[in-house]
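Below, chain A is the first sequence line, B the second, and so on; all start at residue 1. Not measured: the values here are computed from a predicted model.
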Amino acid sequence: MAVDTATVNRIGLEKGDYRGLPTTLCQGCGHNSISSQIIAAAYELSIPPERIVKFSGIGCSSKSPAYFMNRAFGFNTLHGRMSAVATGATVANRSLRAIGVSGDGDTASIGLGQFLHFLRRNVPMVYIVENNGVYGLTKGQFSATADKGQVLKKIGENPFLPIDVCQMAMNLGCGFVARSFAGDPKQVKELIKAAFSFEGTALLDIISPCVTFNNRDESTKSYNWGKEHAEPLQDVTLVPAREEIQVDYDPGTGSSVELHDGSILMLRKLHRDYDPTDRMEAVRVLEESRSAQVLITGLIYFNPTQPVLQDVMHQVETPLAALPEASLRPDAASLEALQADLR
Amino acid sequence: MAVDTATVNRIGLEKGDYRGLPTTLCQGCGHNSISSQIIAAAYELSIPPERIVKFSGIGCSSKSPAYFMNRAFGFNTLHGRMSAVATGATVANRSLRAIGVSGDGDTASIGLGQFLHFLRRNVPMVYIVENNGVYGLTKGQFSATADKGQVLKKIGENPFLPIDVCQMAMNLGCGFVARSFAGDPKQVKELIKAAFSFEGTALLDIISPCVTFNNRDESTKSYNWGKEHAEPLQDVTLVPAREEIQVDYDPGTGSSVELHDGSILMLRKLHRDYDPTDRMEAVRVLEESRSAQVLITGLIYFNPTQPVLQDVMHQVETPLAALPEASLRPDAASLEALQADLR
Amino acid sequence: MTTAAIAPARAASPSAEQAPRINDFSIVAATVNGSGSQTANMAIIRALFRMGIPVSGKNLFPSNIQGLPTWFTIRASADGHLARQETAEILVAMNPATFLEDVKNLPPGGVCFYSDQFTDGLDRSDITYYPMPVQALVREQEPPKDLRDYIANMAYVGVVAQLLGIEIEAIRGALMTHFQNKTKPVDLNLRMVEAAAAWAKANLVKSDPYRVRRDNRTSGKILVDGNTAAALGAIYGGVSFAAWYPITPASSLAEALQDYLPQLRTDPATGRATYAVIQAEDEMAALGMAVGAGWMGARAMTSTSGPGLSLMAEFAGLAFFAEVPVVIWDVQRMGPSTGLPTRTSQGDLMFARYIGHGDTLHVVLLPGNPTECFEFGWKAFDLAERLQTPVFVLSDLDIGMNLWMTDPLTYPDRPMDRGKILTADDIQALGTYARYRDADGDGIGYRTLPGTEHPMAAYLSRGTGHDEEARYSERPEDWTANMERLWRKTETARQYVPAPVVDRLPGAEVGLIFVGSVDLALQEARHQLAREGLATDSLRIRAMPFTAEVTNFIEQHDRIYVVEMNTDGQLRHLLQLEAPAHAARIGSVRINNGLPLTADWVRRAIRAEEGG
Amino acid sequence: MTTAAIAPARAASPSAEQAPRINDFSIVAATVNGSGSQTANMAIIRALFRMGIPVSGKNLFPSNIQGLPTWFTIRASADGHLARQETAEILVAMNPATFLEDVKNLPPGGVCFYSDQFTDGLDRSDITYYPMPVQALVREQEPPKDLRDYIANMAYVGVVAQLLGIEIEAIRGALMTHFQNKTKPVDLNLRMVEAAAAWAKANLVKSDPYRVRRDNRTSGKILVDGNTAAALGAIYGGVSFAAWYPITPASSLAEALQDYLPQLRTDPATGRATYAVIQAEDEMAALGMAVGAGWMGARAMTSTSGPGLSLMAEFAGLAFFAEVPVVIWDVQRMGPSTGLPTRTSQGDLMFARYIGHGDTLHVVLLPGNPTECFEFGWKAFDLAERLQTPVFVLSDLDIGMNLWMTDPLTYPDRPMDRGKILTADDIQALGTYARYRDADGDGIGYRTLPGTEHPMAAYLSRGTGHDEEARYSERPEDWTANMERLWRKTETARQYVPAPVVDRLPGAEVGLIFVGSVDLALQEARHQLAREGLATDSLRIRAMPFTAEVTNFIEQHDRIYVVEMNTDGQLRHLLQLEAPAHAARIGSVRINNGLPLTADWVRRAIRAEEGG
Ligand SMILES: Cc1ncc(C[n+]2csc(CCOP(=O)(O)OP(=O)(O)O)c2C)c(N)n1
Ligand SMILES: Cc1ncc(C[n+]2csc(CCOP(=O)(O)OP(=O)(O)O)c2C)c(N)n1
Ligand code: SF4
Ligand code: SF4
Ligand SMILES: [Mg+2]
Ligand SMILES: [Mg+2]
């Protein structure tokens, strides 16, 4: 069978091979647009779907692994507990590429503790927070990322400061911290591609409007607010390892960072100079974005030097889950030997 | 009965009236020295012990509420769950002054999520983390505040970055962030006094060496390390509301902040200028302290403007727990009236 | 172009000469969720209710926000039987995705109102079809764009009202209630109802036997869902602290608290709240907060469903052991695990009774309808404070979220019971205090509340072993004595919990035992069985620990069946432990498919056990 | 000044002419915790063991790190009865705080070795006192300052060894084992032992009847604690993932994993680990991680105790419902709540069996000694993977942390059972795949492991309702069918779990049923009862679901008593549910005071039930 190279990727798969079941989310939900970009990113990177493993918690956002990559295994876990399951699973099989999709309630309310410990361990996974400031699936209560003063129909006004998951990630030493907006599909896709190429936890905080419960213009999680206040730090493009770099910036107009698999993330300068490898700068930009109420997007912080959990634990490269009995069960003589001490 | 004013405080109580049961912690444990300073602070502030309520989680540190202020009620709750219980209790009775004592395992490992949500709600309580970088009560495993590279006899080397509870508190908008060292009893005491006078969550991260499991000189949680690396930001002294201010600094040698009850915390300048009301400065000093491996102590951040949870919820001043039946149960007519809608 | 022109009268009818069926049928509205059909369905239900016709509404909805099939069943029953029925005679078909299936489910002689855009599935000759020109009617009304979907649903209200004989005035009243007397939305909706009714009158020929007729069988009753009733019960029980975390089907309980508290419990002098409601970060924290508040002396509660209950295990054990009064509502949904969030079940009986490691044994209340949700709403606080222990109240999705015709909510008939509390004066008089001393022999010690201004009043509450004065103790005698006292206390509980509801028929040899929402279907089934010659007695348990009536009832009956809605027969298990002498002959009849029970199923199941 | 000079020989003895008691007594060492007496006690135990004398060690320690009383009891028993005894005949008194009380507890004829600094409590005329000049001996040895306390304890080893006749060579061997053949600490400690023994020889006159004599009753046995054995069992079961959170008395299980894994499971080629052990941030995360790893195909486990178990409820339900193999060790301590962390109990039987909301029902293994901890350590993985479900293993503090003389750990007698797993080739051959289809009728579907490279291999695991292909489904039939399959699976489990251990005596009409660490005391009590003329049979249950033997055993006996260590009679309850026909006559004998059971108590309790 001749393969039409126009509609297949490097490994001969069509985009359809990355599809999931039809979505059951609301029409226009930001989460659907992110699912599309996950599909596009994996397709364009030519990752075999069988080599990907998907995770989520519980929520509208957490349903989405059903709606992308049917051919990838996945675990739709418990509310707020994706982190633990993903930790165990990726440790048990370090050969698969992991992507987790969670909500702001799932990650920043009930799941905050696990999320932070996950970051602290640098578990290699693309961790997407589909951030809409609200609990979609339970019909519109505030999550912990809701803005102070935000009003929801059912609940009234939120009196508490929002939790900034990117700031949290900075504190916990995360080496890939990015923010994006579901209304900017190109940026979402390129950042996901970069995240897939990063070895370690890659956090993507994606503002993903809930059209049903939190899309009023004054909400910082709405489409209109996002469109008006989004300020990309850079124009991002991932150049996979094996492709030649086509873009070349004039001095001062862009920079790039190299990811673990050799791909290059090109960062074209927009309004200002920004060095995502400067930690204090990243901390500052997040503080600023918060106080100035702008939606700063793009790659906020990048530090590829930290070892992933599996290396910290000196694990074999072979998936633990794939070790044969001969590797798993020591021989009988060893048991006799150690029992000598017990006699 | 004539009261000997030399040995009693303003409300006529002796220091003994603030005592607890004899400690069962190890001799030399930092937690014991903090208990003494809690006793001294409450005694010197002349707070009636019956107007104080104590909380803790589970751990050696969390045992200590048994060892101070027998005459104060207290709740030794569950491991990592002091925050929730204290939230409910202080909301139910806003007239009592609350002090919570937790460990680093209790707060930063199992309790991290609740701790952060507690801070976010600005629950009025003195929150002390007796930070020894180790699980004392379960005999010496790493907690999440253990230094990277730290070695413990039983467990080996810790490969993860420590969680800095002060940085966390900054992120969550806490208005009173302080760090101290059990080896500096005067500072501990004055900061506890200031914290008692603050309306809102007052976080005290007190390095409190575990002499049994984590007191080797190279541990940043040991007595010797603390003594060698402690760098107080200021020399702190609390002047209660009703006392005249005796200390008066020459211009440039000190400053002060006013607490909610009118007391003044005097901050005598030591090595450098430091303004604890400057948020970015506080964030910077914490980053610096972390990378330079010095133990910066004192009042790190101060912001008295945020309303406490009870005010956010527009609660009556009367303790909810003390409301009479007439306030609690609406009258029969109201029930009839609202049932009209259901007919 | 008028709607009359585009939608010619067309009513294929199998047999026009059927005997009329007055006030006795079910209507199922098949819609898409998120399309706003709730207002329409509520209007029909309330209108029927106000016409004096017993009615219930059961919503079968997906765990999803928008776009999936939803079925709302309205049952009218002159006899007052208001359980779900296995088939509805009347279909209001608004969802193209399920239309063929929905039509197939109609019984012979059934009626199908359908949106006239559907073109397939119109070929059953044994049912009556009525088309509804929904889109055309909407276009004519020109409602605001964002309200189109809502208004569209009012079209079926009008057509159905016209054909069944529901009074437009009753619908107006229903809408007035729904929109809290705001005339603008009422008018907007009513205009559509009237237009649709007028269209139907002009264009459709009534050719089915179903009709409503004004009656007087709802007077003195109310229409309410259990979660609202539970919230009101808590409020009239003096709740002063509630912490919760959103979860279906419990959210609406806490949300009802938030709705009603401001009007009922604002301090007139200061305008401030005499309560606090906190949306916690999860259920563990929610119960933890409630435990803190209950310990302080507030009337404290939380409300959740299965997954949240699992998260509460550790705090439940602490509250039991430290003896903290707190009320925990579990509005049961289908488990294990996340299960089916929008389906009903009675699957948490065992778990709630024993939740927590070690020897825990909890008091559990089991309301059977919204009226009891109200009653147990306030009584639970009295019990919790009297017994100084967590009290679980197990409702379910059917009771909690569906609309029940039920007895009015009765104002508490007694002052609050705050249990055994010592004040500073009491302690001064006694000269001594020990928190966990069993002075009265009922296993219940005397509490002091934090803030009690007496040097001897304080104690340190804890989940660790302790002596009578709450001091940490590892002494075997202290532990044993304390556990024995707790055991006495759970025995004491028997005399305080609500007794079962027993209903007897002459000559009955069969006894049926059950809890909660099984009631509706079971009582209807008993009527059917009695008509068929099988007399049964019934006992509805309303609390654990069980009271003496339960064992007596078992002893009095030759055959006992426990009817319940879970897979493992949990209530049966609990009864077997209660009455070991009869354990082997306690029969089990159970189903666990997520749907409210039907009388037909119960009848068939009992028949099968009884050998036909 | 020599020690001989400062401590004059002094041995007040009540009756020097008592008959000798050889190899049959208990010694209790009363010390302060944190003072390093563990080495001393271990030396005595190991020495006795190597002299061929059956021995056990039970540590009664506080939940505290330093400064509170600790009692370590060593029992030597020629007959091999190694349960705790209610009184120890020999006291080694090192703790001034408890000395008076400790002396009071000695039986008449008992022996008291005491640190010669104590001056009170030396006035009982019915016991033998031996002073020990501990401080003086320490001063003479001049040990490094930080080791003083440890070395001080070796003084009593020497004195006791001398007076009882424990061979110094055996003590040296014991120390060699303890210090892993490092001669420096061995010499340091042994010097003190020898000095103390020499002092005793020179200064004390033996005037009590207790003596040890070399025997050969320990050959083929080992001395080990259950947690170490469990960890080894897991390792030989091929554990590749463990996540845990520190908690007494379970910590030493995970710590033993961390100790042994590097030597046993480092890949020789790369020097890297073929396993991962993670200290999680809490127990919820620990089980969550293990579930993730188990789902991936690793042999995954966690280990905890009561409070941690409570935190695992939600994940336990998920693992049950999503059918993920995972092993959960619960080393039981005293609950409810934080309870008594250093006291033993069998209080989690009910909770573990049913943990999780909704209809959950778990497989539970119940080891009775360290040998079985090893055996169930590896079998649990086989079971979990065969049944695709969480398997709980309930040990307790007594088994887990105390030193048992037990049968050697037996290497697994069969290859690992990885259960039903389909590879890419299998799927290719089948041409179809449905994760939850019950192809074999045993309720167990076929798993694929993530990474299986076939386009049809993948599925989305979930805790929500699903169809056979793991797709979300709310259809009542899908739910019901799935729950029925799960029920079938729990029935299937009966044929895989370990059978009970039955022991019969001729003519026994009384049957005793129990689990776990009750074994030692119960078997000893049966001997006593038999001697007194009451023959009993015993059945030690080793798993839930119960196997057919259990009901048979109940049927075969006129009188049945369930002997257990909890307040509510949990095992009895579970048996009543298993055998409802016999529920009323299943008697209960229970105690829950935190201490390992004694034969005397069991004998008395059975006697009381049997009417004297
Ligand atoms: C333990 C538990 N508590 C509560 C719920 C109910 N619940 C389901 S989704 C959800 C919130 C989801 O919010 P978020 O993570 O922001 O996702 P979104 O729906 O907004 O995408 C909640 C509270 C649950 N499933 N489990
Ligand atoms: C749910 C639960 N898990 C584990 C434990 C066991 N545990 C008791 S204290 C403790 C750690 C205490 O560490 P930290 O809070 O740092 O206090 P420290 O003893 O060091 O003062 C642990 C793990 C417990 N009591 N409850
Ligand atoms: S409710 Fe909100 S979050 Fe959920 S699917 Fe709809 S738009 Fe998306
Ligand atoms: S073990 Fe450590 S933390 Fe615990 S009491 Fe001793 S010194 Fe303090
Ligand atoms: Mg959300
Ligand atoms: Mg600590």
Original post:
If only atom types and distance count, is the side chain of Arg71(A) paired as donor or acceptor with the main-chain N or O of Ala458(D) below 3.5 Å?
Top reply: no
**OP:** Rounded to the nearest 0.5 Å, what's the gap from OH on Tyr275(D) to CE on Met313(A)? Could you check?
**Re:** 10.0 Å
Original post:
Does Glu336(A) CD have over 12 foreign heavy atoms under 6.0 Å away?
Top reply: yes
**OP:** For atom CD of Glu325(A), decide whether the heavy atoms of other residues, nucleotides or ligands shown that lie under 6.0 angstrom number more than 12.
**Re:** yes
Original post:
Non-hydrogen atoms of chain A under 4.5 Å away: do they reach the side chain of Phe374(D), the backbone, both or neither?
Top reply: side chain
Original post:
Can you tell which of Ala322(D), Pro450(D), Ala293(D), Ala298(D) has the highest number of heavy-atom pairs within less than 4.5 Å of chain A?
Top reply: Pro450(D)
Original post:
By a 4.5 Å heavy-atom criterion (distance strictly below it), what part of Tyr236(D) contacts chain A: side chain, backbone, both, or neither?
Top reply: both
Subject >> Which portion of Arg462(D) sits near chain A, non-hydrogen atoms under 4.5 angstrom >> reply: both
Original post:
Between Tyr459(D) and chain A, which part of the residue has a heavy atom less than 4.5 Å away: side chain, backbone, both or neither?
Top reply: both
Subject >> Per-residue contact mode, Phe315(D) against chain A (heavy atom under 4.5 angstrom) >> reply: both
Original post:
Rounded to the nearest 0.5 Å, how far apart are CG of Leu328(A) and CG of Leu264(D)?
Top reply: 13.0 Å
Subject >> Segment of Met405(D) engaging chain A (4.5 angstrom heavy-atom cut-off) >> reply: neither
**OP:** Go through the atoms of Val277(D) and report whether side chain, backbone, both or neither lie under 4.5 Å from a heavy atom of chain A.
**Re:** backbone
Original post:
Side chain, backbone, both or neither: which part of Ala470(D) has an atom under 4.5 Å from a heavy atom of chain A?
Top reply: neither
Subject >> Contact origin within Thr177(D) toward chain A - heavy atom pairs under 4.5 Å >> reply: side chain
Subject >> Asp17(A), part contacting chain D, at a heavy-atom distance under 4.5 Å >> reply: neither
Original post:
So Asn93(A) and Leu449(D), side chain to side chain contact (heavy atoms under 4.5 Å, CB included) or not? Walk me through it.
Top reply: CA-CA 10 Å; Asn93(A) 190 337; Leu449(D) 301 183; over 6 Å; no
**OP:** Take Asp267(D) and Leu323(A), measure what side chain to side chain contact (heavy atoms under 4.5 Å, CB included) needs, and give me the verdict at the end.
**Re:** CA-CA 11 Å; Asp267(D) 177 40; Leu323(A) 291 169; over 6 Å; no
**OP:** To the nearest 0.5 angstrom, please state how far the CZ atom of Arg343(A) sits from the CZ atom of Arg50(D).
**Re:** 11.0 Å
Subject >> Which of Arg265(D), His178(D), Glu453(D) touches chain A most, by non-hydrogen pairs under 4.5 Å >> reply: Arg265(D)
Subject >> Toward chain A, the part of His454(D) with a non-hydrogen atom under 4.5 Å >> reply: backbone
**OP:** Supply the atom-to-atom distance Tyr472(D) OH to Leu21(A) CG, rounded to the nearest 0.5 angstrom.
**Re:** 13.5 Å
**OP:** Please look at Ala276(D) and chain A and tell me whether the side chain, the backbone, both or neither of the residue comes under 4.5 angstrom of a heavy atom of that chain.
**Re:** both
Subject >> Reported CZ-to-CE distance for the pair Arg121(A) and Met289(D), which is rounded to 0.5 angstrom >> reply: 3.5 Å
Original post:
Do any N or O atoms from the side chain of Arg329(A) and from the backbone of Gly238(D) form a donor-acceptor pair under 3.5 angstrom?
Top reply: no
Subject >> Residue Pro415(D) versus chain A: region with a heavy atom under 4.5 Å >> reply: both
**OP:** Check for a donor-acceptor pair, side chain of Gln339(A) on one end and backbone N or O of Leu409(D) on the other, with a separation under 3.5 Å.
**Re:** yes
Original post:
Any idea which of Thr228(D), Thr410(D), Thr452(D), Thr270(D) has the most non-hydrogen atom pairs under 4.5 angstrom with chain A?
Top reply: Thr452(D)
**OP:** Tell me, for Ala72(A) versus chain D, whether the close heavy atoms (under 4.5 Å) come from the side chain, the backbone, both or neither.
**Re:** backbone
Subject >> Gap between atom CD1 of Ile278(D) and atom NE2 of His117(A) - 0.5 Å precision >> reply: 13.0 Å
Original post:
Where on Ala285(D) is there a heavy atom nearer than 4.5 Å to chain A: the side chain, the backbone, both, or neither?
Top reply: both
Original post:
Which bit of Leu232(D) comes within less than 4.5 Å of chain A, counting heavy atoms only: side chain, backbone, both or neither?
Top reply: side chain
Subject >> Ionic contact status for Arg46(D) with Asp341(A), cut-off 4.0 Å >> reply: no
Original post:
Would Leu318(D) and Arg81(A) count as a side chain to side chain contact (heavy atoms under 4.5 Å, CB included) if you check the C-alpha gap in whole Å, the side-chain angles of each, and the deciding distance to 0.1 Å?
Top reply: CA-CA 11 Å; Leu318(D) 174 68; Arg81(A) 317 297 170 196; over 6 Å; no
Subject >> Considering all heavy atoms, the nearest Glu317(A)-Arg272(D) contact >> reply: OE2-NH1, 4.4 Å
**OP:** Let me see the working for Phe75(A) and Val291(D) under side chain to side chain contact (heavy atoms under 4.5 Å, CB included), right down to the final yes or no.
**Re:** CA-CA 10 Å; Phe75(A) 205 144; Val291(D) 166; 4.1 Å; yes
